[in-house]
Each structure stands twice: as C-alpha cells, then as structure tokens.
Amino acid sequence: MSALFTIYRSSAGSGKTRTLAKEYLKLALQSRAGYFKHILGVTFTNKSTQEMKDRILAYLNDFSLGVQNELSKELQDELRLDPQTFQNYADEVRAQLLHNYAQFSISTIDAFFQKVIRSFTREAGLAGDYRLEVENDPIMEEVIDTLIDELGNNELLTDWVIKFAHQELENERAWDVRRSLLEFSRQIFRDEFKAIEGELNERTSNPEFFRNLLAELVKSKQSFLNTVRAKATEAIKLIMANHYTLDNFKYGGGGAFSYLIKLSKVESISDFNEKEKGKRAEGDYQVSANWPAKDFANKKALQELAESKLIPLLNEILDFREKNYKVALSAEVVMSNFYAFGLIADIARKLNDYKNENSIMLLSDAPYFLNGVIQDSDTPFIYEKVGSFYKNFLIDEFQDTSRMQWENFFPLLTNALDQGDRSLIVGDVKQAIYRWRGGDLSLLQQEVESLIGK
C-alpha cells in the first residue's frame with residue numbers, strides 16, 4: 001500500500017505544483033484511452049484549480065511539439081518510452097482533454113462535494129427543487145434580521161443580545177450589533193460546532209432548557225463556594241473563640257489564619273485555583289508547629305488546636321476542592337459565556353428553519369452532511385455514482401483539509417488503494433492559510449501516514 005500512496009510534504013518554492021502535474025501526466029500518459037477521466041485533482045481555491053489545469057495543458061502542449069525538458073525526460077524514463085512514442089502519447093492525451101474538457105477533473109474540494117450531493121438528491125431525501133448556496137453571509141444576514149426582529153418579544157433572547165453587545169463594547173469592538181452578530185454567527189460553520197449541532201438542537205428545543213441549565217450551573221457554583229466558606233468560617237470561629245489574632249500566627253500577615261479568612265470570603269471558583277490553593281496549605285500548614293508565631297507565648301495551646309481541629313478542617317476543604325473543583329469551575333465558565341451559548345444555539349436553530357423553509361443547503365454543510373451519511377462504512381453508497389468513477393486522487397494544499405473533509409475522502413482513497421491504484425497528497429504545514437475553515441495540521445503531520453502509509 002505504501003508504494004501506491006505518497007505524502008509529499010512540500011515547502012514554499014519546492015515545486016509541489018510540478019509534482020502534482022507530473023503525477024497527473026504520468027497516470028494519463030501511462031494508460032491513455034481517456035484515462036484522464038478517472039483522475040481527480042483536488043485543490044482549495046478556484047484560482048489554483050485553473051492554474052493546475054493550465055500547467056498540465058502547457059506541459060502536454062510542449063510534449064506534443066517534441067520540446068525536450070527535464071520533466072519530459074523524467075516521464076520518458078519512468079514510463080520507459082522513446083521520445084517519438086512519448087510525443088505521440090502526449091498529443092493523443094492533449095486532444096482527448098481538449099475535446100472532453102468537462103471531464104478534466106481538477107476541482108475545488110467544495111465543488112467536488114457539491115457534485116456528490118447533487119448526484120443523490122433522491123436518496124438523501126432532498127427536495128428536487130432544493131438549491132445549494134455557496135455563500136453563507138447573504139443567508140446569515142437574513143437569519144440575523146429575523147433574530148433582531150424578535151428582540152423585545154423574546155425576553156431570554158433580548159437578554160442574551162444585550163449581554164453580547166455589552167461584551168463587544170467592553171472589548172472595544174464594533175458598536176454595530178447586527179454586524180457583530182453576523183461575525184459571531186460564523187462559529188456555527190466550524191467543524192467543532194457541526195459535530196455537536198444535532199445534539200444541541202435536540203436539547204435546546206425544550207423552551208425550559210436554558211432556564212433549567214442556568215439553575216443547575218448556579219447551584220453547582222454556589223454549592224462549592226458555600227461549602228468552602230462554611231468550613232473556613234468554622235475554623236475561624238474556633239480561632240477567635242480562643243482569642244487568637246493574626247499576630248499570633250507564623251508567617252507575616254497571619255499565615256494559616258489569613259489563608260482561612262481568604263477562603264471564607266471567596267467569591268469565584270477561579271479564585272481557588274492551584275496557585276491560591278497554595279503550597280503552604282498542602283505543606284507547612286499540615287504541621288501544627290508551623291501555625292503559631294515563633295515568639296508567641298501560648299504556642300503549645302495553638303499547636304494543639306491546630307492538630308486536633310484546624311488542620312482536619314483545612315484538609316476537609318482541600319479534599320472537597322480536589323473532588324469538586326473541575327465541575328464547579330466548568331459551571332462558572334459556562335455561566336460567564338451563557339449568553340453566547342444561548343445566542344449560538346438560537347442562531348443555529350433559526351438557520352435550520354430558514355434552510356428548511358426555503359429548500360436550501362449551504363455548501364459549508366456538505367462535508368458534515370456527507371459525513372453523517374458515510375458514518376463508518378468502507379464503501380459508502382453515495383460515492384457509487386461519482387466516487388467509484390475515479391481511480392486516482394491527487395489532493396493539493398492538504399494542510400487546509402479539515403478532519404471532516406478527510407473522513408469523507410478516506411473511503412475513496414482506501415478503496416482506490418485496495419484496487420491497486422495510486423494516489424498522492426501534497427501539503428505544507430507552514431502555509432496553512434485556511435485555518436479558519438477548520439484545517440487540521442495534525443492530519444498532514446502524522447495521522448494520515450499512520451492510517452494509510454507513505
């Protein structure tokens with residue numbers, strides 16, 4: 001399998017376009033008879049698609065005219081062809097390409113997914129008159145307008161938008177809340193969101209979901225804080241009942257006593273982080289001799305109190321924190337971003353309603369849509385109409401491929417390799433220009449190699 005699949009990790013100026021063009025030409029010239037129809041080249045922009053097509057045709061034109069260069073010599077050697085035969089083959093392939101240009105399959109990844117979806121609209125349950133929208137923003141502008149129209153009538157939504165606007169102003173961002181909401185809404189097109197969108201829509205369909213969730217979060221946070229404060233206050237009362245003061249304790253500022261006072265007033269879960277938990281609390285304060293000040297006259301009595309009651313109470317606090325801190329902190333973090341969670345869920349729901357009402361599918365939904373259909377199948381039926389036609393896959397700019405896009409391509413590649421057909425991917429992790437679209441660098445760096453080979 002490794003001999004059939006090549007990962008070419010390029011760098012700027014290393015000739016990756018030449019590498020892809022060479023592989024395409026080698027496959028097309030090797031079989032001829034219209035074999036180019038079985039080769040799919042995948043890029044990420046329309047510009048690079050056209051550049052690749054132009055490059056391939058330019059090479060073929062030179063070859064058919066008998067122009068000898070470094071690439072022609074490489075191909076002749078690898079295909080074991082003499083110059084005249086090579087020239088004839090090149091002329092034949094060039095003619096086939098020009099006469100069947102529509103089947104010259106160098107395509108953007110989005111255009112390929114669009115082609116796949118259109119090939120099985122009936123099987124997918126899509127309306128015959130549905131339309132596939134390439135641009136998200138015009139659709140989202142209408143969705144945001146619908147959301148804004150509800151302000152004032154929807155109390156919860158209005159509260160979220162007000163908090164969102166305040167956050168934008170505090171961060172010195174644009175005052176135009178409509179434009180800010182449009183920018184914010186782009187989060188729903190990220191793969192990370194798409195992976196949970198179905199479950200999110202199901203959970204939030206209950207009108208009481210957000211109120212119930214917020215009540216649970218508040219309860220989790222307050223329960224943690226109340227427990228810590230109560231135990232710290234209990235220890236402080238014992239200290240004060242024995243008429244001890246801050247000056248009676250070791251370390252400047254009251255030592256263990258000062259630490260307990262701080263815990264008794266804690267207002268935020270994050271205030272009780274690893275740093276604030278303190279090395280002394282788990283180290284020095286575990287030894288009763290480290291509680292009283294060095295020159296305190298009633299040192300022995302304070303040590304006994306620390307040994308019998310104060311240290312056990314301190315450890316109850318530390319043990320409680322160890323078991324409950326992560327959950328309580330998560331609740332606090334979610335509460336601080338609750339308006340964003342509510343907004344994104346509402347925008348996603350309104351977008352789905354808009355798409356259903358207008359028989360629309362966004363091109364950005366295509367990878368996730370196909371991913372849901374493919375699931376764990378090795379030979380997904382959706383590719384039988386389109387994918388099985390291709391035998392070789394040449395993927396450019398692979399560093400910009402998202403995990404979901406890769407999962408959609410994976411069955412095609414493995415099927416081709418199982419049939420003994422070659423494929424190639426090219427990429428450079430230093431040139432990840434589409435990170436905002438979910439490009440996953442780890443795929444090129446390691447994962448693809450471990451899954452398929454090199």
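On a predicted model such as this, the values are computed, not experimentally measured, just so you know. Only this structure's heavy atoms are used, side chains among them; waters, hydrogens and symmetry mates stay out.
- Using modelled atom types and a 3.5 Å distance limit, the side chains of Q50 and N46 yield no donor-acceptor pair.
- Take T49 and apply the side chain to side chain donor-acceptor pair (under 3.5 Å) test, not counting sequence neighbours, and it matches T43.
- A donor atom on one side chain and an acceptor atom on the other are found under 3.5 Å apart for D284 and Y251.
- Put simply, the side chain of M140 reaches to within 4.5 Å of the side chain of I188, judged on heavy atoms.
- Between D346 and R349, at least one side-chain N (NZ, or NE/NH1/NH2) sits under 4.0 Å from a carboxylate O, which counts as a salt bridge.
- For the pair R280 and Y259, the cation-pi test (distance below 6.0 Å, angle within 45°) is failed.
- Here the straight-line distance linking atom OH of Y24 with atom CG of L20 works out to 12.0 Å at 0.5 Å rounding.
- Both tests hold for K53 against F104: distance to the six-membered ring centre under 6.0 Å, angle to the ring axis within 45°.
- Using the six-membered ring where Trp is involved, H38 and Y35 have ring planes that are tilted, between 30° and 60° apart.
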**OP:** Determine, step by step, whether F320 and Y325 satisfy the ring-ring contact (aromatic ring centres under 6.0 Å, His included) criterion, reporting the C-alpha distance in whole Å, the side-chain angles of both residues, the deciding distance to 0.1 Å, and the verdict.
**Re:** CA-CA 8 Å; F320 177 79; Y325 179 77; over 10 Å; no
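- The aromatic rings of F257 and F249 are tilted relative to each other, their planes meeting at an angle between 30° and 60°.
- For A21, the side-chain contact (heavy atoms from CB on, under 4.5 Å) test picks out M52, R55, I56, Y59, with sequence neighbours left out.
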